[in-house]
Amino acid sequence: MEYDLIARGGWVIDGTGGPAFRADVAVLDSVIAAVGHLGDSTAAKVLDATGLTITPGFIDAHVHGDLMLLADPVHLPALKQGVTTYIIGQDGCSFAPGSAATIDYMRRYTAGFNGNPPNIDYDWNGVDEYLARFDRKTAINVAYLIPNGNVRIEVIGHDPRPATDHELRAMQKMVRDGMEAGAVGLSTGLDYLPSRHADAREIAALCEVLVPDDGVYVTHMRAYGANSPVGMEEVYDIVRRSGVAAHISHYNGPADIMLPLIDKGLAMGFDLTFDTYPYLAGSTILGMVSLPPWVQEGGNEATLERLADRTIRARLESDWFPAPTQFPLNKVHLAMVANPTWRWAEGKTVIDAAKKAGQTPCDFICDILLASDLAVGVVSFRAIDRTEEDVRAILRHPSHMAGSDGIFRGGYPHPRGTGAFARYLGYHTRTLGDYTWPEAISHLTSHAARRYRLTDRGMIRPGYVADIALFDASTITDRSTYADGKALAEGVRHVIVDGTMVLEDGLPTGATPGRALRRG
């Protein structure tokens, strides 16, 4: 038999949870054609997989590649970890659907985590055209979540109020159109604007539209850590009202609080899963962790006007900044600053940078946000949050899947974007033994494929699309740190996407066979 590609003599971990087995894997016409001892079969390309582990390509269940993948189509942060698919449209904030004004708002508001690269034509119209920008133009695949923030702006604007019945029907139509264009679900970011103004009634109404198409409700909850019961009760309410399958983004906090909440939802019969990244710090935008929500209401221009208002600054100095916060400013590190004049502050805590600038933290935060048009990203630790043992307990739960929450902007980005998947394998599997190797591969592949209905991916099995990673299990490791969040992972030898080599002997081929994985 003549194949396009054969990987010979590797140890296959197929994503089912079953043990590793020695086999050849053959690819023909972008599909896995055979798995086994293929004897005298030939191929146009043969990879010597001796000593390597052959697995499905990894699926990143939560990542901010919405624009940065378009700006960097080869995208080594993913390829060097064996990641072949991104789930984008996270946290209720993305770039379709929406008018030019909505997209402009999201570009500016989320620039600290989604980026705002100038070398992209932002002229798509709707989910269908946005997804087309990825088809055969990026090295990896994407699946898309409809962001409720975009939908809310299009119908309600920035008004901080509940939706009317008429507005709900208009938003439901937008969600239905997005699902028909190929989206796999809906996302909310209930700490971000305008998503934080959406109540359970509104979200459940949008989720009702997802149910006939097996769409997933994916949420950055309204509360995490010790306050997670508040966020989870809202999730239960939404699922109960709509019947939707639910998934919690970057689920983190004390394990003795977090895991019983998942088990409670499962015991109530809910279809409930979650993702995490294996680090203690989080990463987001400076405005979200340092300012009260009222300062940021009404859109970007209204926010900038408030930041420049000395009366409002005086109110913040006296009423806001002296109070305890879940994100202490001495533990909030500046990861990305858009204004070059202020870029000296990257890598420093807000407190240290304010001291260097000779300002109070209030004035420093207001001035750096003004200078950067709000585009300031941070790496942050909560005051009382998860420990390493909490992370280890949470990642072992059977409802868990891996998500990097990767952010690819700034001089000091969080290390998770370039390291999370390698860290799951090198540190948590090989070093700590938190997983067996088959368990680890399932958490990084088939769990997310099953969650997002990617029915032909996530396993090494004949008939499945040939998204494949080959790595050295003895050396795969994350190299990125909080001091150097851009360092690429090591140990992945080859990566195949849709049957095409995108990483060969650790080097990118330049090929861009990635697909927009449309529902159905």
Side-chain angles (χ1 to χ4, degrees), residues 1-59 78-85 139-141 421-422 425-426 429-430 435-450 454-476 489-509 511 513-515:
M1 178 69 182
E2 176 74 21
Y3 298 104
D4 294 330
L5 182 149
I6 298 177
R8 288 198 181 275
W11 287 96
V12 174
I13 303 179
D14 63 8
T16 65
F21 57 94
R22 192 76 172 270
D24 309 323
V25 177
V27 175
L28 181 65
D29 294 333
S30 79
V31 172
I32 297 171
V35 180
H37 297 291
L38 301 181
D40 296 331
S41 297
T42 59
K45 188 172 193 64
V46 177
L47 299 177
D48 181 3
T50 304
L52 299 180
T53 300
I54 305 174
T55 72
F58 304 141
I59 300 172
L79 298 187
K80 295 290 281 186
Q81 296 184 82
V83 174
T84 58
T85 298
I140 66 174
N141 311 303
F421 281 75
L425 296 176
T429 303
R430 185 180 62 241
Y435 295 130
T436 66
W437 284 98
E439 287 171 341
I441 299 309
S442 294
H443 280 252
L444 273 58
T445 59
S446 56
H447 283 201
R450 199 160 49 241
L454 308 180
T455 55
D456 58 355
R457 295 167 203 264
M459 293 187 191
I460 300 292
R461 177 177 288 180
Y464 275 52
V465 174
D467 291 348
I468 302 171
L470 294 87
F471 61 89
D472 185 337
S474 68
T475 64
I476 190 168
E490 293 180 345
V492 173
R493 185 77 57 81
H494 310 294
V495 178
I496 300 164
V497 172
D498 207 48
T500 298
M501 297 285 296
V502 292
L503 192 77
E504 185 171 3
D505 291 321
L507 299 174
T509 66
R515 302 295 300 269

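Numbers for residues simply follow the sequence, beginning at 1.
Applying the side chain to side chain donor-acceptor pair (under 3.5 Å) criterion to Thr455, with sequence neighbours excluded, gives no partner residue. Asp456 is linked by a side chain to side chain donor-acceptor pair (under 3.5 Å) to nothing, counting only residues two or more places apart in sequence or in another chain. By the side chain to side chain donor-acceptor pair (under 3.5 Å) test, Asn141 is found to be paired with Thr85, Asp467, residues two or more places apart in sequence or in another chain being considered. With sequence neighbours left out, the side chain to side chain donor-acceptor pair (under 3.5 Å) criterion links Arg515 to Asp135. Under the rule for a side-chain contact (heavy atoms from CB on, under 4.5 Å), the partners of Ala422 that lie at least two apart in sequence or sit in another chain are Gln81, Ile476, Asp478, Ala489. Asp4 meets the salt bridge (Lys or Arg N to Asp or Glu O under 4.0 Å) test with no other residue; sequence neighbours excluded. In this structure, the ring pair (Phe, Tyr, Trp, His ring centres under 6.0 Å) partners of Tyr435, at least two apart in sequence or on a different chain, are His443. Scored by the salt bridge (Lys or Arg N to Asp or Glu O under 4.0 Å) test, Arg430 finds no partners at all (sequence neighbours excluded). Scanning for side-chain contact (heavy atoms from CB on, under 4.5 Å) contacts around Val12 gives Asp14, Phe21, Ala23, Val25, Ile54, Ile460, with sequence neighbours left out. Partners of Pro462 by side-chain contact (heavy atoms from CB on, under 4.5 Å), not counting sequence neighbours, listed by chain and number: Val35. Judged as a side-chain contact (heavy atoms from CB on, under 4.5 Å), and not counting sequence neighbours, the contacts of Ser474 are Asp472.
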Distance-only check: which donor-acceptor pairs under 3.5 Å involve side-chain atoms of residues 39-47, not counting sequence neighbours?
residue	atom	partner	partner atom	Å
Ser41	OG	Leu38	O	2.9
Thr42	OG1	Glu2	OE1	2.4
Lys45	NZ	Glu504	OE2	2.7

